[in-house]
Each structure stands twice: as C-alpha cells, then as structure tokens.
Protein chains: 2
Amino acid sequence: MSRRSGVLEFAVLGLLRESPMHGYELRKRLNTSLGVFRAFSYGSLYPCLKALVQRGWLVEETSGQPEEQQSGRAQAAAPLTGRRAKIVYRLTAEGKEHFEELLSQTGPDTWEDEHFGVRFAFFGQTSRDVRMRVLEGRRSRLEERLAKMRASLARTRERLDDYTLELQRHGMESVEREVRWLSELIESERQGTERSGRQGRQTGQDRPAPGPSDNTDR
Amino acid sequence: MSRRSGVLEFAVLGLLRESPMHGYELRKRLNTSLGVFRAFSYGSLYPCLKALVQRGWLVEETSGQPEEQQSGRAQAAAPLTGRRAKIVYRLTAEGKEHFEELLSQTGPDTWEDEHFGVRFAFFGQTSRDVRMRVLEGRRSRLEERLAKMRASLARTRERLDDYTLELQRHGMESVEREVRWLSELIESERQGTERSGRQGRQTGQDRPAPGPSDNTDR
DNA sequence: AATTTCATGTAATTCGTTACATGATTCC
DNA sequence: GGAATCATGTAACGAATTACATGAAATT
C-alpha cells in the first residue's frame with residue numbers, strides 16, 4: 001500500500017515546492033529535469049502522491065475551481081459519472097517544512113548512487129554548507145570505491161580476459177571522471193564563499209555545528 | 001519463491017561455466033569481476049542458485065568427496081548435525097546449452113542499462129557477430145537518449161537553474177563519452193583479429209588481443 | 001471520425017535488499 | 001580462546017515496474 005520511496009518522495013516535494021502541478025505533468029518533469037538518472041512511472045507516482053496527501057504534506061485541488069475552498073478534497077469533487085477532475089497537488093506548510101528538513105540532511109542517504117542525482121538537482125534550494133558536505137561525501141565515497149577497484153584489479157589482473165578488463169578499465173575511468181567533476185564543483189563552491197584565508201583540504205571529516213540555520217534562498 | 005532474475009541468473013551461469021564454485025566465492029566474483037555496476041547479496045544469490053538447480057541447469061556437489069557420484073544432491077549429504085557441507089555448484093550440460101542460447105541473443109535485453117554490463121563481461125564467450133549487434137544496439141539506444149536530452153534541453157533551458165543545468169550537462173557528457181567508447185570498440189571489432197589494443201590503456205600490460213577467436217559461432 | 005496525447009488510477013509481479021539465524025575455519 | 005572471515009540460508013520488507021482499466025481533450 002504505502003508506496004513511499006525516498007527518492008521519489010523527495011523529488012515530488014521538491015518539484016511541488018516550485019509550483020503546484022498535477023500528476024501527469026509532475027511525471028514529465030521528473031523524467032526530464034531530473035531524468036537522465038531516474039525514470040518513474042504512474043504506478044509509482046500516484047500511490048506516492050496519495051501517501052503524501054495522507055501525511056499532510058500535500059493537498060489536492062480540483063482544477064477549474066476558483067480559489068475558494070481547497071481543503072484536501074473536501075467537497076464531492078465532481079461526481080464519478082461526470083467529467084473527471086484534474087487534480088492539482090500543492091505543498092502544504094508542513095510539507096514545505098518537511099522538505100526543508102530533508103534538504104538540510106547530510107549523510108550516506110545524500111551521496112549514495114540512488115540519492116545523489118536528485119539531491120544535486122535541488123542544490124538550488126540547498127544551503128551552501130550542505131552542498132559542500134554532500135559533494136565531499138560523494139567524492140570520498142567514490143575515492144573509496146576507486147581504491148577497492150584498484151586493489152581488486154591488481155590482485156586479479158592475470159586471470160581476467162580482455163573484455164572483462166576493458167569493462168573494468170572503463171568503469172574506473174568513469175568514476176575518476178566523476179571525481180574530477182566533483183572536485184571542480186567543490187572548488188567552485190569554495191571560491192563562492194571564502195575569499196579570505198587559504199584552505200587546506202579537509203576531506204570528509206565531520207565538523208560540528210553546521211548550523212543549518214539559514215537555508216534555501218537562491 | 002522463484003527468485004529468478006535476468007542479470008543475476010545470467011552472471012551465475014556465466015561464472016560457473018568457467019569453473020565450478022560455491023556460493024560464497026561466486027558472490028565475491030560477482031561483486032568484483034562484474035562489480036562496478038552491480039552488487040548482489042546472499043539473499044538474492046542462494047535462492048537463485050536453488051532455482052537454477054531445480055531447473056536442471058546446475059548440480060550441487062558436497063566438497064570433500066572424491067569425484068564419485070554427483071547427481072544433484074543425491075545422497076544424504078552430511079547429516080544436519082554434523083559438519084556443514086560446502087556446496088559446490090557445477091554447470092550441467094543443459095545449463096551450458098541454456099547459457100549459450102542466452103549468449104546468442106540480441107535485442108533490448110542485451111543493451112539496456114541493466115543488462116549491458118554483464119553481457120559485456122561475457123563477451124569473451126560471445127560470438128563476434130553477437131558482440132557487434134549488442135554494441136551497436138547499445139550505441140543507438142544511447143544516441144536516441146542523447147537526442148531526447150538535447151531536445152528537452154533546448155525546450156526548457158531558460159526555466160532551469162544552474163545546478164539542474166549542470167547536472168544535465170554532466171549527464172549528457174557521460175552518455176556522449178560512452179558513445180565514443182562504444183564506437184572505438186565497434187571499430188576495433190570490425191578490424192578483426194588483429195590487435196585489440198585501444199588507445200588510453202595505460203596499464204602497461206599489453207595483451208596480444210583476444211583474437212577472440214575461440215568459440216560459439218552459430 | 002479517428003488517433004494521439006492528456007489524465008488517473010489499481011493489481012500483480014519483479015528484482016532486489018536488510019536483518020536475522022546458524023555454524024565452521026583460520027588467524028593471531 | 002577470541003576475532004575475523006568463511007559459509008549457508010530464511011523471512012520480511014522495499015521500491016519500483018508492467019499490465020490492466022478507464023476516460024477526457026486536442027489534433028488531424
């Protein structure tokens with residue numbers, strides 16, 4: 001029943017924060033704006049929307065109505081026999097609050113493969129502080145992975161055939177490329193903030209007191 | 001129940017074709033040799049192995065026995081109270097036949113994201129003919145995707161913020177890079193038996209090309 | 001008028017994971 | 001003799017898909 005995902009939920013809240021939409025449109029945005037990495041189907045989306053409504057983070061509005069009453073599907077929104085309503089979803093205050101809490105998170109759930117893309121897509125709404133930690137978290141995750149690959153490659157080089165080797169080589173190159181990309185982004189973020197004192201690199205160390213106090217203005 | 005996957009099943013058959021192994025070892029190979037792309041857990045692997053045994057594609061052998069009888073777990077393989085047997089899985093003739101049939105396939109199930117990596121990993125056992133079609137299939141799939149991305153980017157460029165744009169740009173670049181890689185591979189296949197060494201291989205280990213001569217022409 | 005695109009949803013299924021449970025073997 | 005690693009499994013859950021079902025609106 002409760003088809004609540006991490007990624008999909010996050011993306012839906014994020015998109016609806018920008019403006020209200022109905023499901024069909026939402027899905028299109030999901031699969032283009034954020035879409036190289038993830039594609040969602042209606043079978044995931046609609047149940048997710050319902051779950052979010054139930055938790056009070058969204059309200060449904062039947063379009064065509066003027067701005068009168070819009071309590072979560074309060075009135076008999078178009079009889080079942082009549083013309084089917086187009087349901088527009090709007091983020092509630094609680095939903096907005098919840099999304100901002102999600103935005104302020106750091107940790108594996110922000111930099112692992114499944115999550116990173118969608119997090120990045122909403123970096124525009126994320127505080128610089130958090131952006132930095134997510135980028136650095138992802139980079140050190142990838143470097144870790146790279147180290148393992150190198151070790152395993154050194155151990156088994158002889159036993160692998162050319163294609164397997166080539167696959168591995170290409171995989172490693174892809175990861176290395178993403179690391180370079182992240183480094184550029186991190187550097188770029190750094191230049192945005194601190195133009196005074198030089199900065200030694202402090203990878204992945206968690207420092208206290210982020211004070212995510214201000215966020216989300218862009 | 002029947003936890004039969006496409007990818008996992010294929011990889012298991014392919015690895016066992018090279019040599020018999022027990023589950024634990026199989027899983028390690030799965031997550032290193034083929035591993036940048038996919039990682040499997042025991043919760044997937046063991047049920048899969050059982051299913052493959054049931055279909056007659058694998059047999060279990062309790063190790064420690066000399067090469068006597070090895071009909072699928074025929075005898076009371078070590079009493080439950082005694083020392084637990086290490087179960088070695090071996091590909092049957094039917095299993096081998098089935099795998100070769102899988103190897104000979106082309107089509108979306110060979111070039112889509114989920115499948116391509118594992119297919120490529122077993123290119124050493126695949127006929128050149130099929131290799132070509134898989135590589136070309138994947139390339140045109142990616143080019144299609146690229147076209148969509150470009151179109152969507154042209155349509156929505158104005159409305160997107162910098163981070164979303166950067167994400168999209170990086171995604172496209174990744175795809176373009178894979179297309180170039182595929183083109184090199186295709187070219188290399190076309191040139192035939194002479195040398196597989198493609199540029200950018202800095203591992204020092206120059207291997208005389210597969211001359212992927214050996215098997216499977218149908 | 002017919003076809004495509006818009007629009008919403010449900011049921012069953014797929015492919016996998018995590019957490020749990022158990023025990024043997026090897027290294028230090 | 002304790003820890004790490006080897007080794008095998010099961011139950012419950014997760015996150016998504018596909019196929020199905022329906023119907024309205026716009027385009028040709």
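Throughout, a chain's letter reflects where its sequence line sits, starting with A, and its residues are numbered from 1.
- Going from atom CD of A:Glu114 over to atom P of D:dG14 covers 16 Å, rounded to whole Å.
- For B:Thr92, the side-chain contact (heavy atoms from CB on, under 4.5 Å) partners at least two apart in sequence or on another chain are B:Val59, B:Glu94.
- Whole-Å rounding puts the B:Phe10 CZ to C:dC15 P distance at 15 Å.
- Between the NZ atom of A:Lys86 and the P atom of C:dT5 there is a distance of 17 Å, given to the nearest Å.
- A:His22 places its NE2 atom 13 Å from the P atom of D:dA25, with the value rounded to the nearest Å.
- Atom pair A:Leu45:CG and C:dT10:P shows a separation of 12 Å (rounding to whole Å applied).
- Put simply, the side chain of B:Thr110 does not reach to within 4.5 Å of the side chain of B:Phe116, judged on heavy atoms.
- At least one side-chain nitrogen or oxygen of A:Arg38 sits closer than 4.0 Å to the OP1 or OP2 atom of D:dA16.
- Comparing D:dT8, C:dA7, C:dG9 by their closest approach to the side chain of A:Ile87 singles out C:dG9.
- One can place OH of B:Tyr46 at 16 Å from P of C:dT18, the figure rounded to the nearest angstrom.
- A 6.0 Å sphere centred on CD of B:Glu143 holds more than 12 heavy atoms belonging to other residues, nucleotides or ligands.
- Residue B:Ser44 places at least one side-chain N or O closer than 4.0 Å to OP1 or OP2 of C:dT17.
- Within the structure, a side-chain polar atom (N or O) of B:Tyr24 is placed less than 4.0 Å from OP1 or OP2 of D:dC6.
- Rounded to a whole Å, the NE2 atom of A:His115 is 11 Å from the C1' atom of D:dA15.
- Taking atom CD of B:Glu25 as the reference point, atom C1' of D:dT8 lies 15 Å away to the nearest angstrom.
- Distances shorter than 4.0 Å separate some side-chain N or O of A:Lys50 from OP1 or OP2 on C:dT10.
- Between A:Tyr42 and the phosphate of C:dG9, there is no side-chain N or O to OP1/OP2 separation shorter than 4.0 Å.
- Here the side chains of B:His115 and B:Phe10 are not in contact, with every heavy-atom distance at 4.5 Å or above.
- Not counting sequence neighbours, B:Thr106 has no partner by the side-chain hydrogen bond (donor to acceptor under 3.5 Å, both in side chains) test.
- OP1 or OP2 of D:dT17 sits under 4.0 Å from a side-chain N or O of A:Ser41.
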